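What follows is a short report on a single structure.
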Amino acid sequence: MTSELLRYGIGVLVLWLIAMRLRSVTGRQVLYLIASWLFYYSWGGWLIVILIVSSLMNYALGEWLRKNIIAARLWVGILFNLAFLSVFKYLPLLGAVAPAGSPFALFQRMTFPLGISFWTFQALSYLLELYREEELSPTLVEFCLYMAFWPTVLQGPICRMSSMLSQFRQDWAVSEIDLKTGVRRVSIGVLMSVLANVMAGGLYAGSGVDAIFDNAFSTQNAGRLSGIDVWFLIIAYGFQLYFSFCGWTHIMIGAARLFGIQLQENFNRPYLSTTISAFWTRWHMSLSFWIRDFLFLPLATLRREVWWRNLSLVIAMLVFGVWHRGTLPLMLWGTYHGILLVLHRQWQEFRKRLGFEWTGAVAMAISRWLTFSAVCVGYIFFRAKNARQSFAMLKTLASVDSYHHLTLDHSFYVMTLLAFFGYFAVIGAGALLDRLAEAAGTRPETANGGLRRGLASLLGALARERWVWITPVVVVLALCLSVVFHPGQAETGPVMYALF
């Protein structure tokens, strides 16, 4: 994985040097489009044809809708995209369960285009924004770039034309703030991606999250995980998924920022959430807000009854699960989170009726612990290979007798604990640096004595300009992890979320 990141890093540097010398906005757009198609081809091969066909068809649908903005034309575009997505995403699942010799069994051989869910939702958002009469008039090149833009094409963030079009058309010159932000985000993302790979592969073969999860409660595995093992496994998977997805997002947001383009944030310290509602405003934010704006809110406004609003939440989250993949465990995962959101609403109403305040450090700590635990339990459905495995793991968690022993290698427990406490330690260190930078900027003259004043200024400068020293530190740390541990390759590599 390190070699892949290095190869693409060199490509981004070459692209940046060429783009920096181009004065024509159209020339840069064409350059970015060619680079985006080459980037996708390096991951998806000939399946780039699917991306190009989708881009051309959705551009034509948008032009058709613009001429007469009516619901019927919008629905044609929506149904086209859903059908297009379903052919590649859900027909292979039908082929997997079809009897041998059945014509449907042939669908199992279909190749899945990486990131198709992400760029299909971007196409849908474009059509929906046109229907809402947003002032959007992209050229064919601009629309194809919007669909294939290399930082977002594989696994988001899911962007909207209303925020991207003006940035594609802007005059661009290299700025200090873009360089600082871009380099810092890329370096942090590289480290997180390496950490995800270490957790996926483990310190040696068979000791990582992927192997343990795949073998958990399988018919070939005679041993049974204990309740403690299952908790460690789902917590470890939660951090593996976070490091992988958030790390890639950091890299791509940072890389786009080097070109003066700001992408939507996708993560905001999600494991610090105090409620499940807050979690979904912090995790996979671009998709969460898409579901909220284009599915939940239109659905919830159809009726005024409270029961319908709650049902709309469950339906929206069920669609969330189906978007990932149309398997029973993922449908259960979406429904589970929908029920959690409804329960949170009921808790809020209960507190309002009683006038009960739930505040303070202890209350926040309990809320964070409950939310984190509930999210981790949901990962059982998200990661499980089938419903049987997921229910076996849930049964183990609920069984008191299963907490009396440990079955996994001790290195797995140590790795999980380091990820858990390291996550919160890094967030705490970041908050401390923010305070130092703020204090140095607002009260530089309060320190008494030259040495103390100089030390305060130095700490403030280190905190304020942290990108200077964070970048080499995290890059060196990432290289050390790669060399020392030789992490096993995750099943889906650094773009594990692109398969959704």
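Quick caveat: nothing in here was measured; it's all calculated off a predicted structure.
Without hydrogens or angle criteria, Thr301 side chain to Pro298 main chain gives a donor-acceptor distance under 3.5 Å. Without hydrogens or angle criteria, Tyr413 side chain to Leu408 main chain gives a donor-acceptor distance under 3.5 Å. With Tyr423 contributing its side chain and Tyr271 its backbone, the two residues share a donor-acceptor pair below 3.5 Å. Distance alone, capped at 3.5 Å, is enough to place a donor-acceptor pair between the Ser187 side chain and the Arg184 backbone. A donor-acceptor contact shorter than 3.5 Å links the side chain of Tyr336 to the backbone of Ala374. At distances below 3.5 Å, not a single donor-acceptor pair connects side-chain atoms of Arg309 with backbone N or O atoms of Ala300. Within the 3.5 Å criterion, the main-chain N or O of Leu233 finds no donor-acceptor partner in the side chain of Thr416. Gln264 places no side-chain N or O within donor-acceptor distance of the main-chain N or O of Arg160, the cut-off being under 3.5 Å.
You'll find the ring centres of Phe294 and Phe121 outside the 6.0 Å limit.
Of the candidates Val230, Leu397, Asp229, Leu397 is the only one forming a side chain to side chain contact (heavy atoms under 4.5 Å, CB included) with Tyr403. Remark: of the listed residues Leu191, Ile188, Val186, Val190, Ile188 is the sole one forming a side chain to side chain contact (heavy atoms under 4.5 Å, CB included) with His250.
Note on Glu134 versus Arg132: no salt bridge recorded, every NZ/NE/NH1/NH2 to OD/OE distance being 4.0 Å or above.
Crowding of Trp369 atom CH2: a count of heavy atoms from other residues, nucleotides or ligands under 6.0 Å not exceeding 12.
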